[in-house]
Amino acid sequence: WCVVGVVVCRVRARGGWVGGVGNGAGRTGAVWGDPANNAAQQSLMEPGRRLLLSSREHPIHVRRSSSPFFSSHALFVFSDTLVHVQSLAMTTTQEVLQLEVLWVEADPDPEERSFTLYTPEKTLTLFANTLEEKLGWFSVLVSAVRSRQLIDERTGFPSDPLHRGASYTFSRLHPRFANATYNGLFLNGRLHGQGTMHFSDGKVYTGSW
């Protein structure tokens, strides 16, 4: 395995894991130019955003614990976001997850081909066809998330990956914090510690969560 920028990759002569800054712009351009990508995905186009990994290149699956059986999923890891696209019949939905508020947790069994993603609003369990694919996805996501964390001035390294500060705006469907924006501490994807919540009705609460 090698580390290039924020991409962890395994290089093989044919296929396999390939990454790095050199081919990032080309791979990103190919995604934007793909007619299979809808207008919502293309709205994510920004000059500095780079594609690190795609489930169209390296298949990864979303465990259907909370998804309709006939739904299909696609995942795109960019330098600042994770995009989850879900298609069901004629409907396609897209979630854009900030890497600053994404937690990646390995399965306790090293031979297990799955791992879990936690966000302030949901949990996704991903599983791969092979252990190699699982390790590749896990490594890229962990590296990308760490690259978005604040640097601890005392150590020169990213802050604690489990307990971190960030800003997050909840979706309109959240049962308690619809359209509210939280600035404060999280622990493994959940509000934990000091923070300020700006509610959609204008109310503000600052305190412990």
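Quick caveat: nothing in here was measured; it's all calculated off a predicted structure.
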Peer 1: Closer than 3.5 angstrom, by distance alone: can the side chain of Trp103 be matched with the main-chain N or O of Thr119 as a donor-acceptor pair?
Peer 2: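 Checking the backbone N and O of Thr119 against the side chain of Trp103, no donor-acceptor pair under 3.5 Å is found.
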Peer 1: Take the angle between the ring planes of Phe186 and Tyr168 and call it parallel below 30°, perpendicular above 60°, tilted in between.
Peer 2: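 The arrangement is perpendicular - the two ring planes meet at more than 60°.
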Peer 1: In terms of side-chain geometry, is the basic nitrogen of Glu100 or Arg164 positioned less than 4.0 Å from the acidic oxygen of its partner?
Peer 2: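 Not counted as a salt bridge, because no side-chain N and carboxylate O are separated by less than 4.0 Å.
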Peer 1: Ring centres under 6.0 Å, that's the criterion: do His84 and His73 meet it?
Peer 2: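 Ring-ring flag for His84/His73: true, centres closer than 6.0 Å.
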Peer 1: Please check if the side chain of Ser143 supplies one atom and the backbone of Ser139 the other of a donor-acceptor pair under 3.5 Å.
Peer 2: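 Answer holds: no.
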Peer 1: Any non-hydrogen side-chain atom of Val77 less than 4.5 Å from a side-chain atom of Trp137?
Peer 2: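 Contact flag for Val77/Trp137 side chains = yes.
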Peer 1: What distance do Lys122 atom NZ and Leu124 atom CG have between them, rounded to the nearest 0.5 Å?
Peer 2: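 Going from the NZ atom of Lys122 to the CG atom of Leu124 covers 5.0 Å.
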Peer 1: Looking at side-chain heavy atoms only, is the closest gap between Leu185 and His163 below 4.5 Å?
Peer 2: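 Yes. Closest side-chain heavy atoms under 4.5 Å.
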Peer 1: Under the criterion side-chain hydrogen bond (donor to acceptor under 3.5 Å, both in side chains), I'd like the reasoning laid out for Ser171 against Glu121: C-alpha separation, chi angles, the key distance, then a yes or no.
Peer 2: CA-CA 8 Å; Ser171 72; Glu121 295 194 61; 2.9 Å; yes
Peer 1: Determine yes or no for a side-chain-to-main-chain donor-acceptor pair under 3.5 angstrom, with Arg172 supplying the side chain and Ala178 the backbone.
Peer 2: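 Answer holds: no.
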Peer 1: Would Val83 and Gln94 count as a side chain to side chain contact (heavy atoms under 4.5 Å, CB included) here? Give the steps.
Peer 2: CA-CA 7 Å; Val83 179; Gln94 173 179 287; 3.8 Å; yes
Peer 1: Are the side chains of Leu126 and Val62 in touch, meaning some heavy atoms are under 4.5 Å apart?
Peer 2: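 Yes. Closest side-chain heavy atoms under 4.5 Å.
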Peer 1: Can you label the angle between the Phe177 ring and the Trp209 ring as parallel, tilted or perpendicular, going by 30° and 60°?
Peer 2: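 Perpendicular.
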Peer 1: Would Thr116 and Thr123 satisfy side chain to side chain contact (heavy atoms under 4.5 Å, CB included), going step by step from the backbone distance to the final call?
Peer 2: CA-CA 7 Å; Thr116 303; Thr123 300; 3.4 Å; yes
Peer 1: Taking atom CG of Asp107 and atom CD of Glu112, what is their separation to the nearest 0.5 Å?
Peer 2: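 Rounded to the nearest 0.5 Å, the CG-CD separation comes to 4.5 Å.
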Peer 1: Using the side chain to side chain contact (heavy atoms under 4.5 Å, CB included) rule, take Leu162 and Leu187 through it: C-alpha gap first, then chi angles, then the decisive distance, then the call.
Peer 2: CA-CA 5 Å; Leu162 293 181; Leu187 177 63; 4.2 Å; yes
Peer 1: Report yes if the side chains of Phe76 and Thr81 come closer than 4.5 Å at any heavy-atom pair, otherwise no.
Peer 2: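 When only atoms from C-beta onward are counted, Thr81 and Phe76 do not touch, as no gap falls below 4.5 Å.
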Peer 1: Using modelled atom types only, decide if a donor and an acceptor are shared between the side chain of Ser79 and the backbone of Arg50 within a distance under 3.5 Å.
Peer 2: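 Checking the backbone N and O of Arg50 against the side chain of Ser79, a donor-acceptor pair under 3.5 Å is found.
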Peer 1: Would Asn179 and His174 count as having a side-chain donor-acceptor pair, cut-off 3.5 Å?
Peer 2: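 Result is no, nothing qualifies.
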Peer 1: Stepwise, does the side-chain hydrogen bond (donor to acceptor under 3.5 Å, both in side chains) test hold for Asn183 with Thr196?
Peer 2: CA-CA 5 Å; Asn183 293 279; Thr196 299; over 6 Å; no
Peer 1: Are Leu191 and Met197 packed together at the side-chain level, in the sense that at least one heavy-atom pair is separated by less than 4.5 angstrom?
Peer 2: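 Yes, close enough: below the 4.5 Å cut-off.
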Peer 1: Kindly determine whether Thr125 and Ser114 satisfy side-chain hydrogen bond (donor to acceptor under 3.5 Å, both in side chains), including the steps that lead there.
Peer 2: CA-CA 7 Å; Thr125 299; Ser114 66; over 6 Å; no
Peer 1: Under a 4.5 Å cut-off applied to non-hydrogen side-chain atoms, are Phe127 and Lys134 in contact?
Peer 2: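 They are not in side-chain contact.
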Peer 1: Could you walk me through whether Thr93 and Val85 pass side chain to side chain contact (heavy atoms under 4.5 Å, CB included), step by step?
Peer 2: CA-CA 6 Å; Thr93 59; Val85 181; over 6 Å; no
Peer 1: Any donor-acceptor pair under 3.5 Å linking the side chain of Ser54 with the backbone of Arg56?
Peer 2: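 Yes; judged by distance alone, with no hydrogens or angles, the pair exists.
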Peer 1: Measuring only between side-chain heavy atoms, which start at C-beta, is His58 closer than 4.5 Å to Leu53?
Peer 2: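 Side chain of His58 against side chain of Leu53, heavy atoms only: contact under 4.5 Å found.
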